[in-house]
Novice: 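Below is a structure I'd like to ask you about.
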Amino acid sequence: MPAIPSSLLEPVWVEFAALLPTRGEFHPDHPLGCHRRRIPDRVVFEHLVDALVHGSGYERIASGRCSDSTMRRRLKEWSRAGIAEQVHRVALAAYDRIIGLRLADIPTDGCITKAPCGGDKAGPSPVDRRKGGLKRSVATEGAGVPLGVVSAGANRHDSPLLGPTLQAATTQVGPHWPKGITVHLDAGYDSQVTRSLLDELGLHGEIARKGVPAPVQVGKRWVAERTHAWMNGYGKLRRCTDRDAKIVDFFLHLAATFVTVRALIREARTRYRWPSRPTTRRLK
């Protein structure tokens, strides 16, 4: 059984493959021109998706079709090229064109997960006895589609990550934002620094007050919590064992792409008809 439904995997792979450089079956500089054939990108991509979903080490995901060293080499190459970020940008553009991004409200929140192997984006977790942890800050649109994703050590506070997260969202969506955007935040952002930042960016802020009980269901920021739950469905995000910052961000944006495309298919199936349209909300 595939780790990702084919109706979800195929559209992501088509856009992913379009961004990869064209290469022949053999390396053109090889003196004999007949060395071992290059593993197809599709095979490596499927193995990396398995690693993303299950969160297992590359040695466990490796098979006779693709070794763990090949996965690491190709992953390093793709992460340096920013392929996952570009695919996520394409997915957001497709969602905006077909469904429409709800940009009037931008819920933003952080989430702490495990990073037991340390690395560039790991830090002592304040909620896990100072074990290695990863902080993920995500800005979503009104329905929970992830727009901007930023990673940092678990010991980083949410408030300083707000600016980079909103900047990442602007980069992924584009400069054409509607007027009167409201950013929905929890009490962790309740400070004058946050309000000054929002004023500088020309954004409104709806921030929960410190010390005042405010159930998450009352406001519109609950969708950010749901988006974190969606992203935590991927094992590589729940327990990140990669140490390279570029690779960490690669998997974050790849997971955000799958979340976006899944939301797109679920919304589109009730509005449009196409030959491979899923007949149920459970994608196959």
Side-chain angles (χ1 to χ4, degrees), residues 101-116 118 120-173 177-234 237-240 245 248-249 252 255-256 259:
L101 292 171
R102 305 175 186 177
L103 298 177
D105 298 292
I106 306 295
T108 304
D109 200 5
C111 176
I112 296 178
T113 56
K114 293 181 179 294
D120 299 336
K121 293 297 184 73
S125 174
V127 296
D128 194 17
R129 295 173 293 175
R130 296 186 62 80
K131 293 182 179 179
L134 175 71
K135 170 67 69 70
R136 178 178 72 239
S137 179
V138 176
T140 75
E141 50 93 66
V145 175
L147 304 178
V149 183
V150 171
S151 60
N155 56 325
R156 290 289 303 278
H157 196 272
D158 288 342
S159 183
L161 298 178
L162 178 60
T165 304
L166 295 176
Q167 179 60 43
T170 303
T171 301
Q172 294 299 92
V173 177
W177 289 72
K179 297 182 179 179
I181 295 177
T182 301
V183 181
H184 299 268
L185 306 166
D186 62 19
Y189 298 87
D190 186 16
S191 67
Q192 186 58 43
V193 175
T194 299
R195 292 182 175 84
S196 299
L197 173 64
L198 295 178
D199 291 340
E200 180 182 344
L201 298 176
L203 304 173
H204 304 291
E206 186 171 319
I207 309 174
R209 295 286 183 176
K210 292 181 179 178
V212 179
V216 68
Q217 297 87 351
V218 173
K220 297 181 179 180
R221 62 182 174 86
W222 67 271
V223 295
E225 305 283 353
R226 184 181 63 180
T227 301
H228 280 302
W230 286 342
M231 298 185 73
N232 282 338
Y234 297 92
L237 271 58
R238 293 194 306 270
R239 186 176 182 274
C240 181
V248 172
D249 291 338
L252 285 176
V259 170

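Residues take their numbers from the sequence shown, with the count starting at 1. Keep in mind that the numbers below use all heavy atoms, side chains included, and drop hydrogens, waters and symmetry copies. Source: prediction; values computed, not measured.
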Novice: Mind checking what makes side-chain contact (heavy atoms from CB on, under 4.5 Å) contact with Ala245, not counting sequence neighbours?
Specialist: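 Per chain and number, Ala245 pairs via side-chain contact (heavy atoms from CB on, under 4.5 Å) with Asp120, Lys121.
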Novice: What is the minimum heavy-atom distance between Ser125 and Ile112, and which atoms define it?
Specialist: OG-CG2, 3.7 Å
Novice: For Arg195, enumerate each residue passing the salt bridge (charged side-chain N to carboxylate O under 4.0 Å, His left out) test, keeping only those at least two apart in sequence or located in another chain.
Specialist: Asp190
Novice: Checking Asp128 now: which residues fulfil side chain to side chain donor-acceptor pair (under 3.5 Å) with it, not counting sequence neighbours?
Specialist: Lys114
Novice: Is there a side-chain contact between Leu103 and Leu147, using heavy atoms and a 4.5 Å cut-off?
Specialist: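 Heavy-atom side-chain distance check passes, below 4.5 Å.
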Novice: Could you list the donor-acceptor pairs under 3.5 angstrom formed by side chains in residues 133-143, with sequence neighbours left out?
Specialist:
unit_1 : atom_1 : unit_2 : atom_2 : d
Lys135 : NZ     : Arg156 : O      : 2.6
Lys135 : NZ     : Asp158 : OD1    : 2.9
Arg136 : NE     : His228 : ND1    : 3.4
Arg136 : NH1    : Asn232 : OD1    : 3.3
Arg136 : NH2    : His228 : O      : 3.4
Arg136 : NH2    : His228 : ND1    : 3.2
Arg136 : NH2    : Asn232 : OD1    : 3.0
Ser137 : OG     : Thr165 : OG1    : 2.7
Glu141 : OE1    : Arg102 : N      : 2.9
Glu141 : OE2    : Ala143 : N      : 2.7
Glu141 : OE2    : Gly144 : N      : 3.0
Glu141 : OE2    : Val145 : N      : 3.1

Novice: Got Pro116 and Arg239 here, is their nearest side-chain heavy-atom distance under 4.5 Å?
Specialist: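 Sidechains of Arg239 and Pro116: in contact.
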Novice: Hey, are the side chains of Leu237 and Thr113 touching, using non-hydrogen atoms and a 4.5 Å cut-off?
Specialist: no
Novice: Among Lys220, Glu225, Arg226, exactly one meets side-chain contact (heavy atoms from CB on, under 4.5 Å) together with Val223. Which residue is that?
Specialist: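 Among the candidates, only Arg226 passes.
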Novice: Going by side chain to side chain donor-acceptor pair (under 3.5 Å), name the residues that satisfy it together with Thr194, two or more places apart in sequence or in a different chain.
Specialist: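 Partners of Thr194 by the side chain to side chain donor-acceptor pair (under 3.5 Å) criterion, ordered by chain and then number, come out as Ser159, Ser191.
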Novice: Measuring from Leu201:CG to Leu162:CG, what's the distance to the nearest 0.5 Å?
Specialist: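 Going from the CG atom of Leu201 to the CG atom of Leu162 covers 8.0 Å.
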Novice: At what distance, to the nearest 0.5 angstrom, does CG of Asp109 lie from CZ of Arg221?
Specialist: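 The distance works out to 7.0 Å.
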Novice: Can you give each donor-acceptor pair under 3.5 Å made by side-chain atoms of residues 179-189, sequence neighbours left out, with the distance rounded to 0.1 Å?
Specialist:
unit_1 : atom_1 : unit_2 : atom_2 : d
His184 : NE2    : Asp105 : OD1    : 2.8
Asp186 : OD1    : Gly188 : N      : 3.0

Novice: Rounded to the nearest 0.5 Å, what's the gap from OG1 on Thr108 to CG on Leu203? Could you check?
Specialist: 9.5 Å
